[in-house]
Amino acid sequence: MAKKIKDNRPGARLPKGLRDIEAAEIRAQNAMLASIRKVYENYGFEPLETPAFEYTDALGKFLPDSDRPNEGVFSLQDEDEQWLSLRYDMTAPLARYVAENFDRLPKPFRRYATGPVWRNEKPGPGRFRQFTQFDADTVGTESVAADAEMCMLAADTLEALGVPRGNFLIKVNNRKVLDGIMEAAGIAGEENAGRRLTVLRAIDKLDRLGLAGVEQLLGEGRLDESGDYTKGAGLSKDAISAIRAFVVPAKDGQDPFAELDGLLKNSEIGQEGRAELAQIAELISAAGYSDRVKIDPSVVRGLEYYTGPVFEAELTFEVTGDDGKPVRFGSVGGGGRYDDLVARFTGKTVPATGFSLGVSRLQAALNALGRGAEGDVPGPVVVLVMDRDRLSDYQALTQRLRSAGIRAEMYLGTSGMKAQMKYADKRGSPCVVIQGSDEREKGEVQIKDLIEGALAAQSIADNKEWKEARPAQFSVSEVALEEEVRKVLARHFPQSD
RNA sequence: GCCGCCUUAGCUCAGUUGGUUAGAGCGCUAGAUUGUGGAUCUAGAGGUCACUUGUUCGAAUCAAGUAGGCGGUACCA
């Protein structure tokens, strides 16, 4: 019987790819978000919040079919049977908002947005199905100055968060240049669209697979170490070498366009992209950001909707992981120009560009760098309950501390004094307030400084001495409670009040 | 999706060629100490050995299937 009931109970388990975030991390993240917000505001962006889910077609996702209703996104059906989906980024909802409110918005429209996004994909280390992004976008201008500004915004943000200059790089490329290269490689035209996609994906893997791996993917295909085979693009040797010449990063001091010009001379779109890159480089240089923002032909990014410049924010430092192996954090954000997103709704092309920061990933990186925001705050002062029939007295003491702006709580459990001390210890309380009948009769309270006490405990070995010494505990007049507690706090946390 | 490895207490893991009541460390609870967090000692709680089916006199151990986890790979608008 009991077993039957047990079998019917739901498992207390977190769905995969999701996670609980506890106090210290939330505090650290809030501090991060505040820093990011400050930079974005400083650049003149306005905040905007849109809902967590939208109509599926508004997100640019086709109506889920009944076989696979959740390909990549989490979807649900409204009571009128229309499909809704959780947002997978901040950009698609922005496009919807701009299209819906186009006439009354100032153009160009500049907004920032932060919040969770959801992706229904296989989770991996550092990859979750819910994570937080922080985006800035400028809608309604073709000017590459807007793109250059995004790169500078990204650089300033990383620095504001404590990533030292030289430990990150904003890399810039241009989809038009990529198109031009592929044109030169002989895979222009509608019939080669799939092949171009394969090429772009291959280039995107340069980091991980190296040049040899990319070449395999451009040609016949590649067999990875787990035995899985990835079909290649099937390009000719000439085409592969053209792309290879393009992708190999220009050495320091060399003109990054030297290779490009030869390859792109017959491609109109390629020339256009190259000109845009040159302009961005000039703007970046004029602003004094050349050491942090660099042209890099291997940057590809989310392929679907980008139409011009694309950028990626990369952390370049290495950290030794738990297993002793070096860990690189790599990309913590990216973005680019998407001139056709709003047109999906209105039919009218509205040029736009934006940058998106992966907050959780960046937070993990900052922690590794030792630059993570301090998430630990002192626990509350705990007022112990010595006589259960005097609860109102303890409640009054607690309220007095709270009124004085001191974080405090009365012990609300039912255990004895020893357990209450352990509770206070576990909460990280700086001190506890003790008032039994002895103290009450004298109009006093005992304050025990737990931080001081822990230090004193190190030099006490036997229990008898420990008990008799009552380290860091003292008696004060009840009326002086707030003042005396404040003194203890000031001793341990001089910067706070 | 594909390939590989893994699954024994809250956590980290032992568990011999299949053989009685499945163990350890840490953690947790309580006591020694009727009102004191540490240390020490003692005791206690906590397990359908992931699940199902099979082989066997007998399965945590062997086999198959399923689920979950980890890693790689693909996809990631």
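Naming: A, B, ... by sequence-line order, numbering from 1 per chain.
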**Q** Should stems be defined as at least three consecutive Watson-Crick or G-U pairs with both distances under 3.5 angstrom, which of them involve RNA chain B?
**A** B:1-7 with B:67-73, B:10-13 with B:23-26, B:28-32 with B:40-44, B:50-54 with B:62-66
**Q** Over all strands shown, is A/Lys448 touching base, sugar-phosphate only, or nothing at heavy-atom distances under 4.0 angstrom?
**A** base
**Q** Just grab all the side chain to side chain donor-acceptor pair (under 3.5 Å) pairs involving residues 428-437 of chain A, residues at least two apart or on different chains.
**A** A/Gln435-A/Glu478
**Q** Output, in order, the C-alpha distance, side-chain angles, deciding distance and verdict of side-chain hydrogen bond (donor to acceptor under 3.5 Å, both in side chains) for A/Arg337 and A/Thr307.
**A** CA-CA 6 Å; A/Arg337 177 160 285 277; A/Thr307 54; over 6 Å; no
**Q** Considering only residues two or more places apart or on different chains, which pairs with a residue in residues 412-431 of chain A satisfy ring pair (Phe, Tyr, Trp, His ring centres under 6.0 Å)?
**A** A/Tyr411-A/Tyr423
**Q** Looking only at side-chain atoms of A/Arg119, point me to the closest of B/U36, B/C76, B/G69.
**A** B/C76
**Q** Whole angstroms only, please: what is the CZ-P distance between A/Arg222 and B/G72?
**A** 13 Å
**Q** Counting only side-chain N and O atoms of A/Lys205, is one of them less than 4.0 Å from OP1 or OP2 of B/G72?
**A** no
**Q** If the P atom of B/G46 is compared with that of B/G10, how far apart are they to the nearest Å?
**A** 11 Å
**Q** Looking across every strand, which nucleic acid part, if any, lies under 4.0 Å from A/Ala424 by heavy atom: base, sugar-phosphate, or nothing?
**A** nothing
**Q** Just grab all the salt bridge (charged side-chain N to carboxylate O under 4.0 Å, His left out) pairs involving residues 441-453 of chain A, residues at least two apart or on different chains.
**A** A/Asp449-A/Arg491
**Q** If the P atom of B/U16 is compared with that of B/G23, how far apart are they to the nearest Å?
**A** 14 Å
**Q** Heavy-atom nearest nucleotide on RNA chain B for A/Gly17 versus A/Lys426: which residue maps closer to 5'?
**A** A/Lys426
**Q** Kindly say if A/Arg427 contacts the phosphate of B/G37, meaning a side-chain N or O under 4.0 Å from OP1 or OP2.
**A** no
**Q** Taking atom C1' in both B/U17 and B/G71, compute the distance separating them and give it to the nearest angstrom.
**A** 32 Å
**Q** For A/Asp340, give me all partners under salt bridge (Lys or Arg N to Asp or Glu O under 4.0 Å), at least two apart in sequence or on another chain.
**A** none
**Q** A cation-pi test, strictly: NZ or CZ of A/Arg119 under 6.0 Å from the centre of the six-membered ring of A/Tyr88 and no more than 45 degrees from its axis. Yes or no?
**A** no
**Q** So what does A/Gln435 touch, heavy atoms closer than 4.0 Å: a base, only the sugar-phosphate, or nothing?
**A** nothing
**Q** Tell me: CD of A/Gln420 to P of B/A30, nearest whole Å?
**A** 12 Å
**Q** Are A/Lys487 and A/Glu484 close enough for a salt bridge, meaning some N to O gap below 4.0 Å?
**A** yes
**Q** Taking N or O atoms only and anything under 3.5 Å, show me the protein contacts with nucleotides 5-7 of chain B, one pair per line.
**A**
none

**Q** Polar-atom pairs under 3.5 Å, protein N or O versus N or O of nucleotides 38-45 of chain B: list them with distances, or write none.
**A**
unit_1 : atom_1 : unit_2   : atom_2 : d
B/G38  : N7     : A/Trp466 : NE1    : 3.0
B/G38  : O6     : A/Asn463 : ND2    : 2.4
B/G38  : N2     : A/Ile460 : O      : 2.4
B/G38  : N2     : A/Ala461 : O      : 3.4
B/A39  : N6     : A/Asn463 : ND2    : 2.9

**Q** Could you tell me which residues satisfy salt bridge (Lys or Arg N to Asp or Glu O under 4.0 Å) with A/Arg244, sequence neighbours excluded, listed by chain and number?
**A** A/Glu215
**Q** Using the P atoms only, state how far B/G37 lies from B/G19, rounded to an integer number of Å.
**A** 46 Å
**Q** What's the gap between B/A50 and B/C41 when it is taken at their P atoms, as a whole Å value?
**A** 33 Å
**Q** Charged N to carboxylate O below 4.0 Å: is that the case for A/Arg129 and A/Glu121?
**A** no
**Q** Determine the Euclidean distance between corresponding C1' atoms of B/G18 and B/G54; express it in Å to zero decimal places.
**A** 15 Å
**Q** Holding to side-chain contact (heavy atoms from CB on, under 4.5 Å), I want the full list of residues that pass it with A/Leu209, two or more places apart in sequence or in another chain.
**A** A/Lys205, A/Leu217, A/Arg222
**Q** What is the distance, rounded to the nearest whole Å, between atom CG of A/Asp89 and atom C1' of B/C76?
**A** 11 Å
**Q** Ring of A/Tyr305 versus six-membered ring of B/A77: centres under 5.5 Å and planes under 30°?
**A** no
**Q** May I have all residue pairs that pass salt bridge (charged side-chain N to carboxylate O under 4.0 Å, His left out) and include part of residues 413-427 of chain A, sequence neighbours excluded?
**A** A/Glu409-A/Arg427
**Q** Is there a side-chain contact between A/Arg201 and the phosphate of B/C76, meaning an N or O under 4.0 Å from OP1 or OP2?
**A** yes
**Q** So what does A/Gln473 hit on the nucleic acid, given a heavy-atom distance under 4.0 Å: a base, only sugar-phosphate, or nothing?
**A** base
**Q** Using the C1' atom as the reference point in each nucleotide, state the distance between B/C49 and B/A43 in Å, no decimals.
**A** 26 Å
**Q** So does A/Glu183 pair up with A/Arg196, basic N to acidic O under 4.0 Å?
**A** no
**Q** Can you list everything that forms a side-chain contact (heavy atoms from CB on, under 4.5 Å) with A/Ala52? Sequence neighbours excluded, please.
**A** A/Leu86, A/Trp118
**Q** Tell me what A/Ile434 touches on the nucleic acid: a base, only sugar-phosphate, or nothing, going by heavy atoms under 4.0 Å.
**A** base
**Q** Reckon A/Arg208 touches a base, only the sugar-phosphate, or nothing at all at heavy-atom distances under 4.0 Å?
**A** sugar-phosphate
**Q** Taking atom P of B/A74 as reference, at what distance in whole Å does atom CD of A/Glu121 sit?
**A** 14 Å
**Q** Can you check the A/Leu209 CG to B/U73 P distance for me, whole Å?
**A** 7 Å
**Q** What is the distance, to the nearest angstrom, from the CG atom on A/Leu450 to the P atom on B/G37?
**A** 11 Å
**Q** How close or far is atom C1' of B/A74 from atom CG of A/Leu200, stated in whole angstroms?
**A** 17 Å
**Q** Sequence neighbours left out, cut at 3.5 Å: what donor-acceptor pairs do the side chains of residues 347-354 of chain A make with other protein atoms?
**A**
unit_1   : atom_1 : unit_2   : atom_2 : d
A/Thr353 : OG1    : A/Asp147 : OD1    : 2.6
A/Thr353 : OG1    : A/Gly336 : O      : 3.3

**Q** Please determine whether the number of non-hydrogen atoms from other residues, nucleotides or ligands lying under 6.0 Å from atom CZ of A/Phe53 exceeds 12.
**A** no
**Q** Do the side chain of A/Gln446 and the base of B/G35 come within less than 3.5 angstrom through a donor-acceptor pair of N or O atoms?
**A** no
**Q** Which nucleotide in the list B/G69, B/G35, B/A74 gets nearest to the side chain of A/Lys122?
**A** B/A74
**Q** Taking atom C1' in both B/G44 and B/A9, what distance in whole Å separates the two?
**A** 14 Å
**Q** How many Å lie between OH on A/Tyr411 and P on B/U36, as a whole number?
**A** 15 Å
**Q** Judged by each residue's nearest nucleotide on RNA chain B, which is more toward the 5′ side, A/Leu217 or A/Ala419?
**A** A/Ala419
**Q** OP1 or OP2 of B/G35 less than 4.0 angstrom from a side-chain nitrogen or oxygen of A/Arg388, does that happen here?
**A** no
